[in-house]
Peer 1: 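If you scroll down you'll find the structure; I have some questions about it.
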Amino acid sequence: MTELSTTRPIVIGIDAGGTMTDTILVDQDGHFKIGKSATTPANEAEGFLASAEDAADAWGISLEALFSGVNVVLYSGTGMLNTLLSRTGRRLGLITTKGLEDMVLMGRGLQTWADYSYADRLHAVTHHHPDPLVPRRRTHGVTERVDQFGDVVLPLYEHEVHAAARKLIADKVDAICIMTIFAHVNPVHEKRIAEICREEIDKAGADITVYTSHEVRPVIREQSRLNSVLIEAYATSRGRKQLKGIEDISKKYGFRYGVQTLLSFGGLTSINHPRLHETMISGPIGGILGAAYVGKLIGNDSLICSDMGGTSFDMGVITRGQTRIENEPLMDRFKLNVPTLHLDTIGAGAGMILKVDPLTKKVSLGPESAGSDPGPICFDRGGTEPTIADCDAILGRLNPDYFLGGKVKLQVEKARQAFKAKCADILGVGVEEAAEGMIEMLETDANNALRRVISGQGIHPSEFTLLSYGGSGPLHLAGCARGIAFRDIITFQFAAAFSAFGCTTADFMRRHSVSTQLDIGARAGDEELKDFGARITAVWEDLTRAAVAEMEADGHPRDRIRTVPFLMMRYTGQLEDVEVSAPLSEVRSADDMRAVIAAFENVYAKVNHRVSRYGEAGFSITELGLVATAEKVKPVLIRRPLGASDPSAAHKGVREAYIGGRWHKADLYEMDLLQPGHEVNGPAIIEHPATTLVVHPQDRVFVDEWTLLHYAHG
């Protein structure tokens, strides 16, 4: 970790995961400290405050001094996603184009198969659609039709809208969602339906919010657009309440501004953001932002980001400087139109519950997690089912007296007895052998997942640096990465709070986009190219006005706002788009348009292969957008000269640890005391209050000039 500054923090970054809530404090010079506490799903403000207090203690200041001195509090949590997963959101009604009333129930075919294991995909009888967010009886179709060109084919039958609105009001809905086909091209009917609904709501004196799809997500693919508006209406109300609780408690301790949260495509926004569903999966995104920041320090722009916590193993890829944007991510088996930094996720974390079938002796890891409440058995908070964390404690890899810096005393013997009865005895093997076998299963799953992610990039692993973080990332790093020929493997002294660290590297941001369909022939002439450029520029100008207005409303002065237009492009006939940052802010000539096309081909060659370019097919632009940003202070990693390799100054004893089928006397080191140049040879355990790095026999850890920990297999 960086050296402690004498100045006060000005940024608080929070990442509330499924198990732990991590805090990072950053001062004006970029120095930082971290804190950690258990997540409190029922009221996230409690875990937020406890984690912030832990970080304040590390800095040596009070909560009042902390909050009264900071300019930014940014929070990424799981409240909205939990609302969706637990189906505890608002009571919705839907008005849509007549004939589309069953769209919610029909869904998309992919949703039926999403999130099922390979074994379950073989047996279609087990499949079921996600529970609908709005039932069929509260879905009303009205006569209207706008075609794909935006022309009104059938007028809106307003009397049907009045009747539908009155029925939904009588049904005591909390929100009315409106989605008509091709509203992303011409929203005239959606706007009128919303006006009528508000008239009826006013007449009835009801408290009902109206949402329209063209305001939430004005892009093509009506099923994903419908899901987006439904989830915005269904889940964000509770999420706003949780975030408001974070803001209230921050202001109680002296914070003077509004709390910010992280967008799924990177960047910060106010908790009053009108499209708050864009922040639902913000937590893991911070890790990718942090990885991009670290990549610049180490001089490698091809990175694999791996985040292992208590519940999941999230993987992101930056390939030759390009981060993939996914326009239709899956969220609880719903396809959404929400641009998101692409992540691959498997259920693999230290909180995974272990099960052994007494008849078949089959071992299962999860998919359930013990979470933070009750947590693993060794936490002694009421957990009764063995977990991977219990195995780590049994094998001596976790320090029972130093978990969270000693705030949690691990009950190793209690975990051992439960694991013996429920796993080892059923398998007929010793406790240590069974526990290590469970850990190896977890690490093999993660290792295979990393191999799949790399193979999908079409380039050799030797180009990639693996960044391992999350509370459990360093603990299982050796097994997760073994046998893959990475260029380098790096973890961090602040690994547990790396996603929160990544959040603090983000700037304030807005992203606006609209669907379009521009097909450019491979041999298009100058006049044709100039015409395409004029149409593109007109859209960008509209989006610029909207994005800048939102940022100015949040208090950012116009001269601090930077805008960068982008395009979603593909070779004509392909199914997947590539996001391209435009090399020009406006396209006024044929040569300007050629520069845009060249930028697309350059990005395409980076993400795929140079030989896969296929300009003869022509080019299709399916979406135009604009990103507006305003800078904020960021953490800074301090570069220091390399010293001696002897790490004895950080050595703090020896502990028995079971690694590779036998007990070893592992050297113990305090992670924060390791200095640039130090080398640690395995078997060793490097401890931090928030995480633990296990160094296997024959392996080695080297600390570089940025105080990053490089792991090398023997």
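Note that the structure is a prediction, hence the values are computed from the model and not measured.
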Peer 1: Anything under 3.5 Å between a donor and an acceptor, one on a side chain of residues 427-437, the other on a protein residue two or more places apart or in another chain? List them.
Peer 2:
unit_1 : atom_1 : unit_2 : atom_2 : d
Glu432 : OE2    : Arg416 : NH1    : 3.0
Glu432 : OE2    : Arg416 : NH2    : 3.2
Glu436 : OE1    : Gly661 : N      : 2.9
Glu436 : OE2    : Arg397 : NH2    : 3.0
Glu436 : OE2    : Gly660 : N      : 2.7

Peer 1: Would the distance check show the side chain of Thr691 and the main-chain N or O of Ser472 forming a donor-acceptor pair, the cut-off being under 3.5 Å?
Peer 2: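 No, because the side chain of Thr691 does not come within donor-acceptor range (under 3.5 Å) of the backbone of Ser472.
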Peer 1: Using 0.5 Å steps for rounding, measure from the CD1 atom of Ile685 to the CG atom of Asp667.
Peer 2: 9.5 Å
Peer 1: Could you tell me whether the side chain of Thr261 reaches within less than 4.5 Å of the side chain of Ile246, counting heavy atoms only?
Peer 2: no
Peer 1: Shortest non-hydrogen contact from His713 to Ala478?
Peer 2: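 Scanning both residues completely, I find the closest heavy atoms to be NE2-O, 2.9 Å.
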Peer 1: Could you check if a side-chain atom of Leu395 sits within less than 4.5 angstrom of a side-chain atom of Ile439, using non-hydrogen atoms only?
Peer 2: yes
Peer 1: Looking at Gln417, I'd like to know if its CD atom is crowded, meaning that more than 12 non-hydrogen atoms belonging to other residues, nucleotides or ligands lie closer than 6.0 Å.
Peer 2: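 Atom CD in Gln417 is crowded, with more than 12 foreign heavy atoms closer than 6.0 Å.
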Peer 1: Using a 4.5 Å cut-off on heavy atoms from C-beta on, say whether the side chain of Arg655 contacts that of Glu687.
Peer 2: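 Result yes, sub-4.5 Å side-chain heavy-atom pair found.
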Peer 1: Is a side-chain N or O of Ser264 found less than 3.5 angstrom from the main chain of Glu278, in a donor-acceptor match?
Peer 2: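 Pair found, side chain donor or acceptor close to backbone of Glu278.
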Peer 1: Does the side-chain contact (heavy atoms from CB on, under 4.5 Å) test come out yes or no for Phe464 and Thr319, once each step is laid out?
Peer 2: CA-CA 8 Å; Phe464 286 105; Thr319 306; 4.2 Å; yes
Peer 1: Can you tell me how far the OG atom of Ser364 sits from the CE atom of Met441, to the nearest 0.5 Å?
Peer 2: 7.5 Å
Peer 1: Do Tyr711 and Pro474 come close enough that some side-chain heavy atom pair is under 4.5 Å?
Peer 2: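 When only atoms from C-beta onward are counted, Pro474 and Tyr711 do not touch, as no gap falls below 4.5 Å.
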Peer 1: Under the criterion side-chain contact (heavy atoms from CB on, under 4.5 Å), I'd like the reasoning laid out for Val73 against Phe48: C-alpha separation, chi angles, the key distance, then a yes or no.
Peer 2: CA-CA 11 Å; Val73 173; Phe48 159 78; 4.3 Å; yes
Peer 1: So which of Val694, Val695, Ile490, Thr491 actually passes side chain to side chain contact (heavy atoms under 4.5 Å, CB included) with Leu477?
Peer 2: Thr491
Peer 1: Test: salt bridge (charged side-chain N to carboxylate O under 4.0 Å, His left out). Region: residues 475-498. Which pairs qualify, not counting sequence neighbours?
Peer 2: Arg482-Asp699
Peer 1: Please name the pair of heavy atoms, one in Asp704 and one in Leu708, separated by the smallest distance, quoted to 0.1 Å.
Peer 2: OD1-N, 2.8 Å
Peer 1: Measure from the side-chain N and O atoms of Ser51 to the backbone N and O of Thr21, and report whether any donor-acceptor pair falls under 3.5 Å.
Peer 2: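 Yes, Ser51 side chain to Thr21 backbone: donor-acceptor pair under 3.5 Å.
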Peer 1: Rounded to the nearest 0.5 Å, how far does CD1 of Ile12 lie from CD of Gln260?
Peer 2: 13.0 Å
Peer 1: Please determine whether the number of non-hydrogen atoms from other residues, nucleotides or ligands lying under 6.0 Å from atom NZ of Lys241 exceeds 12.
Peer 2: no
Peer 1: Nearest heavy-atom pair of Leu66 and Ala56: which atoms, and what distance?
Peer 2: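 Answer, listing the atom of Leu66 first, then Ala56: CD2-CB, 4.0 Å.
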Peer 1: Side chains of Glu670 and Pro689, heavy atoms from C-beta outward: is any pair under 4.5 Å?
Peer 2: yes
Peer 1: Looking at His651, is its backbone amide N or carbonyl O close enough to the side chain of Ser648 to form a donor-acceptor pair, meaning the two atoms are under 3.5 Å apart?
Peer 2: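 Pair absent, no side-chain N/O of Ser648 close to backbone of His651.
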Peer 1: I'd like to check Asp380 versus Lys409 (side-chain heavy atoms, cut-off strictly below 4.5 Å). Are they in contact?
Peer 2: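 Answer no - side chains too far apart.
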Peer 1: Is there a side-chain contact between Ile24 and Lys33 (heavy atoms, below 4.5 Å)?
Peer 2: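 Answer no - side chains too far apart.
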Peer 1: Using side chain to side chain contact (heavy atoms under 4.5 Å, CB included) as the criterion, point out the one residue from Leu303, Ile484, Leu450 that pairs with Leu466.
Peer 2: Leu450
Peer 1: About how many Å separate CG of Leu276 and CD1 of Ile231, when rounded to the nearest 0.5 Å?
Peer 2: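 Ile231 atom CD1 to Leu276 atom CG measures 12.5 Å (nearest 0.5 Å).
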Peer 1: Could you report the tightest heavy-atom contact between Thr279 and Leu262, atom names first, then the distance?
Peer 2: CB-O, 3.3 Å
Peer 1: Counting distance only, does the side-chain N/O of Thr387 pair as donor-acceptor with the main-chain N or O of Gly351 below 3.5 Å?
Peer 2: no
Peer 1: Write down the atom of Leu268, the atom of Leu74, and the distance for their closest heavy-atom approach.
Peer 2: CD1-CD2, 3.7 Å
Peer 1: Nearest heavy-atom pair of Phe486 and Ile304: which atoms, and what distance?
Peer 2: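 That would be CE2-CG1, 4.2 Å.
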Peer 1: Among Phe492, Trp706, Phe498, Phe501, whose ring pair (Phe, Tyr, Trp, His ring centres under 6.0 Å) with Tyr293 holds?
Peer 2: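 One option only clears the test, and that one is Phe501.
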Peer 1: How would you list, by chain and number, every residue that makes a side chain to side chain donor-acceptor pair (under 3.5 Å) with Lys665, sequence neighbours excluded?
Peer 2: Glu656
Peer 1: As an exercise, state the distance from CE of Met352 to CG of Asp445, rounded to the nearest 0.5 Å.
Peer 2: 8.5 Å
Peer 1: Starting from the C-alpha separation in whole Å, work towards a yes-or-no answer on side-chain contact (heavy atoms from CB on, under 4.5 Å) for His476 and Asp392.
Peer 2: CA-CA 10 Å; His476 298 284; Asp392 287 317; 3.0 Å; yes
Peer 1: What's the spacing between Thr444 OG1 and Leu365 CG if we round to 0.5 Å?
Peer 2: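 One finds 10.0 Å between OG1 of Thr444 and CG of Leu365.
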Peer 1: May I ask you to check whether over 12 heavy atoms, not counting those of Lys355, lie within 6.0 Å of atom NZ?
Peer 2: yes
Peer 1: Between Asp390 and Cys378, is there a donor-acceptor pair closer than 3.5 Å when you use the side chain of the first and the backbone of the second?
Peer 2: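 A pair under 3.5 Å: yes.
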Peer 1: Can any side-chain N or O of Gln242 pair as donor or acceptor with the backbone N or O of Glu44 at less than 3.5 Å?
Peer 2: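 Yes, because the side chain of Gln242 sits within donor-acceptor range (under 3.5 Å) of the backbone of Glu44.
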Peer 1: Looking at side-chain heavy atoms only, is the closest gap between Val680 and Met671 below 4.5 Å?
Peer 2: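 Val680 vs Met671: side chains apart.
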Peer 1: Whether the Asn447 and Arg451 side chains hold a donor-acceptor pair (N or O, under 3.5 Å, no angle test) is what I'd like checked.
Peer 2: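 Yes, because at least one side-chain N or O of Asn447 sits under 3.5 Å from a partner of the opposite role on Arg451.
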Peer 1: In plain terms, say whether Asp54 and Lys407 are close enough for a salt bridge, that is, a side-chain N and a carboxylate O under 4.0 Å apart.
Peer 2: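 Here Asp54 pairs with Lys407 in a salt bridge, since their nearest N and O are under 4.0 Å apart.
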Peer 1: Report yes or no: does Ser306 contribute a side-chain atom to a donor-acceptor pair with the main-chain N or O of Leu467 at less than 3.5 Å?
Peer 2: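 Yes, Ser306 side chain to Leu467 backbone: donor-acceptor pair under 3.5 Å.
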Peer 1: Classify the angle between the aromatic ring planes of His710 and Phe702 as parallel (below 30°), tilted (30 to 60°) or perpendicular (above 60°).
Peer 2: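 Answer is tilted, since the angle falls between 30° and 60°.
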Peer 1: Assess whether side-chain contact (heavy atoms from CB on, under 4.5 Å) is satisfied between Phe379 and Leu410, documenting all intermediate values.
Peer 2: CA-CA 5 Å; Phe379 283 15; Leu410 301 183; 3.8 Å; yes
